[in-house]
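This report concerns only the one structure given below.
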Amino acid sequence: YNTNYQLVSMLGIDFTGDLSQAKISDTQTWQDYFIESAMYAVMEENYLMLAAEEAGFELSEKQISDVEKSLSDFYSQLSAYGYDTETYLKENYGANITVADFEKYVMNDAIVFYYYQELISQIPVDDASLTAYYEANSKIFDSVDFKIYHFAYTVPETTEEGSEEPADESYKLEAKT
């Protein structure tokens, strides 16, 4: 949670305020952005699930076994940390979710993932087409954007006895950007 909060905080999102009023651009609020992103994610997942069904795609026994093991490991971790599975799911996925619903979602998510991987693997890619694409789009690939940070640091040779701090101030960092 803390890492995710730090990441979105760097985007300038203030979760203490009303997201329907917080602008991401002149025409869109953060609330609009999150709703639109969620809608497209659900549409993409549903489309891929329908396409997998129409194509007759099924998970292999190994893939099913891997999903079942992941679920079992997840439940074991919940138990090890003192969580009741049903309570945890309701607190994190909504009051109406059941263990069966969650397991069906996880299995469907695996179907979508592996079907997508299969689709990607069928795209013919050869050295000639990669070279042609690169040559047509080299400006995208040949550009660099970076920042350099230089930290001048001198390791102190002595410390005061019983202290982890150096006897002098030679440990201070000098940062330049």
Reported CD-to-CG distance for the pair Glu86 and Leu78, which is rounded to 0.5 angstrom: 11.5 Å

Stepwise side chain to side chain contact (heavy atoms under 4.5 Å, CB included) check, Leu89 with Tyr83: CA-CA 10 Å; Leu89 292 176; Tyr83 291 102; over 6 Å; no

Side chain to side chain, Leu48 and Leu119, heavy atoms closer than 4.5 Å: yes

Neighbour count >12 (heavy atoms, 6.0 Å) for atom CD, Glu44: no

Inter-residue atom distance Met107.CE - Glu68.CD, 0.5 Å rounding: 5.0 Å

Transitive ILVMFWY side-chain link Ile111 to Ile120, under 4.5 Å: yes

Asn96, CG: over 12 other non-hydrogen atoms inside 6.0 angstrom: no

From Asp109 atom CG to Met49 atom CE, the distance as rounded to the nearest 0.5 Å: 10.0 Å

Heavy atoms of other groups near Glu58 CD, more than 12 under 6.0 Å: no

Tyr133 and Phe141 aromatic ring geometry - parallel, tilted or perpendicular at 30°/60° bounds: perpendicular

Ser76 backbone acceptor or donor facing Ser79 side chain under 3.5 Å: no

Backbone N/O of Thr87 and side chain of Asp84: donor-acceptor pair under 3.5 Å: yes

Inter-residue atom distance Tyr114.OH - Ser121.OG, 0.5 Å rounding: 13.0 Å

Within-4.5 Å side-chain heavy-atom neighbours: Ile24 and Gln28: yes

Candidates Tyr81, Phe74, Phe102, Tyr75 - the one meeting ring pair (Phe, Tyr, Trp, His ring centres under 6.0 Å) with Tyr88: Phe74

In one Ile/Leu/Val/Met/Phe/Trp/Tyr side-chain cluster, 4.5 Å: Tyr33, Ile35: no

Pairwise side-chain contact, Leu59 with Phe113, heavy-atom cut-off 4.5 Å (strictly under): no

Donor-acceptor pair, side chain of Ser65 and main chain of Glu61, under 3.5 angstrom: no

Ser129 side chain to Asp126 side chain, donor-acceptor N/O pair below 3.5 angstrom: yes

Atom pair NZ/CD1 of Lys90 and Ile97 - distance to nearest 0.5 Å: 8.0 Å

Gln77 side, atom CD; Thr85 side, atom OG1 - distance, nearest 0.5 Å: 11.5 Å

Asn92 atom CG, neighbour heavy-atom count above 12 within 6.0 Å: yes

